[in-house]
Peer 1: 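I'd like to ask you about the structure that follows.
Owing to the predicted nature of the structure, the values given are computational and were not obtained by experimental measurement. Below, each value reflects all heavy atoms present in this structure, side chains not excepted, and no hydrogens, waters or symmetry copies.
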Amino acid sequence: MAVLPYTELEAVNLILRNMGEARVNSLLNPPLDASEALGTLREISLEVQKRGWYFNTEFHRFPPDTSGLIALPKNTLDVKSAGPDRALKVTIRGEHLYRLEAYNNGPVFIGPVHVRLILGLDFDDLPASARSYIAIRAARVAQIRSVGDQMSAQEDNADETRALAELHSEQLSNERLSLRNSSGVSQGLSGGVFVLGQ
């Protein structure tokens, strides 16, 4: 059973241990092996986070600035319109929200826009289940890339599958909480009409 990585350093050391390399005490000016392990960890972290989980999905109402532009957080991985604006097609262009509308594309908006953001979080800001899954997956990927050891990688698959199951379980638990606390569901339970997604 893999050690649960609580920090980025511990996750890098998990990857190094899996490859038979010496552990490091710091990620400041790391040796080449540790630097590559860190790069793999961050790559896998973004790959996993792009999917959008309860911990990195946020809903916002962004007003445009005086030029009509809506700046998005620098760590935005994906954006979709939401709530009353859910019919509007949008994407990211540079650091701004961009409208995808036939014959009316552009970054200028005349009023606030409701959006759902998927954000790329630092490893240490992720919940423990996500850190565990990402570290175990990164260790397997790094091992295949550096040593090409498919047999050991298959053994690591069981740990990775368990960690992913734990992450999915946590996701489902949080989705149920979100749904239960939703004003639309509350209206439906009390006999009112509601629309999911509000």
Side-chain angles (χ1 to χ4, degrees), residues 1-60 72-80 91-92 94-95 115-181:
M1 181 82 166
V3 175
L4 184 66
Y6 285 104
T7 67
E8 196 170 53
L9 175 62
E10 288 168 341
V12 165
N13 280 324
L14 177 72
I15 295 168
L16 291 172
R17 186 185 74 204
N18 210 47
M19 295 191 312
E21 301 293 339
R23 60 179 289 113
V24 292
N25 295 322
S26 169
L27 294 177
L28 294 173
N29 302 315
L32 183 59
D33 287 339
S35 181
E36 289 175 356
L38 180 60
T40 301
L41 180 70
R42 290 178 175 171
E43 172 196 338
I44 298 300
S45 182
L46 279 180
E47 175 192 304
V48 169
Q49 290 187 63
K50 271 191 231 175
R51 174 184 166 175
W53 300 85
Y54 76 92
F55 55 82
N56 72 333
T57 301
E58 296 182 2
F59 292 85
H60 292 275
L72 296 172
K74 293 186 187 308
N75 62 333
T76 301
L77 300 177
D78 187 48
V79 63
K80 284 192 174 32
T91 189
I92 307 168
E95 295 178 358
V115 295
R116 185 205 73 182
L117 300 179
I118 294 176
L119 302 173
L121 305 178
D122 289 339
F123 185 82
D124 291 340
D125 290 333
L126 299 173
S129 59
R131 282 179 277 162
S132 181
Y133 171 64
I134 289 165
I136 292 168
R137 179 170 170 72
R140 186 177 62 80
V141 168
Q143 184 178 37
I144 291 171
R145 286 179 182 169
S146 75
V147 198
D149 185 352
Q150 294 286 348
M151 289 297 287
S152 295
Q154 285 173 358
E155 290 169 18
D156 291 338
N157 243 351
D159 282 341
E160 186 178 329
T161 300
R162 272 192 299 275
L164 181 58
E166 182 183 332
L167 181 54
H168 276 297
S169 173
E170 194 172 303
Q171 174 73 18
L172 288 172
S173 174
N174 279 280
E175 282 178 354
R176 281 195 294 271
L177 278 174
S178 298
L179 196 56
R180 196 176 303 127
N181 295 334

Peer 1: Measuring from atom CD1 of Ile136 to atom CG of Leu14, what distance do you get when rounded to the nearest 0.5 angstrom?
Peer 2: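 That separation rounds to 6.5 Å.
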Peer 1: Can His168 and Trp53 be said to form a side-chain contact (heavy atoms from CB on, under 4.5 Å), step by step?
Peer 2: CA-CA 9 Å; His168 276 297; Trp53 300 85; 3.8 Å; yes
Peer 1: Do you know the tightest heavy-atom contact between Ala11 and Ala135?
Peer 2: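 So the minimum-distance heavy-atom pair works out to CB-CB, 3.8 Å.
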Peer 1: Keeping the roles fixed (side chain from Asn56, backbone from Leu119), state whether a donor-acceptor pair exists under 3.5 Å.
Peer 2: yes
Peer 1: Taking only residues two or more places apart in sequence, or in another chain, which ones meet Glu47 in a side chain to side chain contact (heavy atoms under 4.5 Å, CB included)?
Peer 2: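 For Glu47 the side chain to side chain contact (heavy atoms under 4.5 Å, CB included) partners, ignoring immediate neighbours, are Ile44, Arg137.
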Peer 1: Under 3.5 Å, which donor-acceptor pairs do the side chains of residues 120-127 form with other protein atoms, sequence neighbours left out?
Peer 2:
unit_1 : atom_1 : unit_2 : atom_2 : d
Asp124 : OD1    : Glu8   : N      : 2.8

Peer 1: Report yes or no: does Glu36 contribute a side-chain atom to a donor-acceptor pair with the main-chain N or O of Asp33 at less than 3.5 Å?
Peer 2: no
Peer 1: List in chain and number order the residues that pass side chain to side chain contact (heavy atoms under 4.5 Å, CB included) with Asp78, two or more places apart in sequence or in another chain; answer none if no residue qualifies.
Peer 2: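 If we apply the side chain to side chain contact (heavy atoms under 4.5 Å, CB included) test to Asp78, skipping adjacent residues, the hits are Lys80, Arg116, Ile118.
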Peer 1: Residues in salt bridge (charged side-chain N to carboxylate O under 4.0 Å, His left out) with Glu43, at least two apart?
Peer 2: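 Glu43 satisfies salt bridge (charged side-chain N to carboxylate O under 4.0 Å, His left out) with Arg145 only.
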Peer 1: Indicate yes or no: at least one non-hydrogen side-chain atom of Phe55 is less than 4.5 angstrom from one of Leu167.
Peer 2: yes
Peer 1: side-chain contact (heavy atoms from CB on, under 4.5 Å) for Val12 and Leu27? Distances and angles first, verdict last.
Peer 2: CA-CA 9 Å; Val12 165; Leu27 294 177; 4.0 Å; yes
Peer 1: Ignoring hydrogens and angles, tell me if any N or O in the side chain of Gln171 forms a donor-acceptor pair with the backbone of Tyr54 under 3.5 Å.
Peer 2: yes
Peer 1: Find the distance between CG (Leu38) and CG (Leu16) and round it off to the nearest 0.5 Å.
Peer 2: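 Answer rounded to 0.5 Å: 10.0 Å.
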Peer 1: Rounded to the nearest 0.5 Å, how far does OG1 of Thr76 lie from CG of Leu117?
Peer 2: 5.0 Å
Peer 1: Applying side chain to side chain contact (heavy atoms under 4.5 Å, CB included), name anything that partners Glu95, two or more places apart in sequence or on another chain.
Peer 2: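 Listed in chain order: Lys74.
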Peer 1: Can you see whether Glu58 engages His60 through a side-chain donor-acceptor pair at a distance of less than 3.5 angstrom?
Peer 2: yes
Peer 1: Please give me the minimum heavy-atom distance between Ala142 and Ile15, naming the atom from each residue.
Peer 2: CB-CG2, 3.6 Å
Peer 1: Test of understanding: with side chain to side chain contact (heavy atoms under 4.5 Å, CB included), list the residues that count as partners of Pro31, not counting sequence neighbours.
Peer 2: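 Checked Pro31 against side chain to side chain contact (heavy atoms under 4.5 Å, CB included); matches are Val24, Ala34.
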Peer 1: Given side-chain contact (heavy atoms from CB on, under 4.5 Å), test Leu46 with Arg42 step by step and report yes or no.
Peer 2: CA-CA 6 Å; Leu46 279 180; Arg42 290 178 175 171; over 6 Å; no
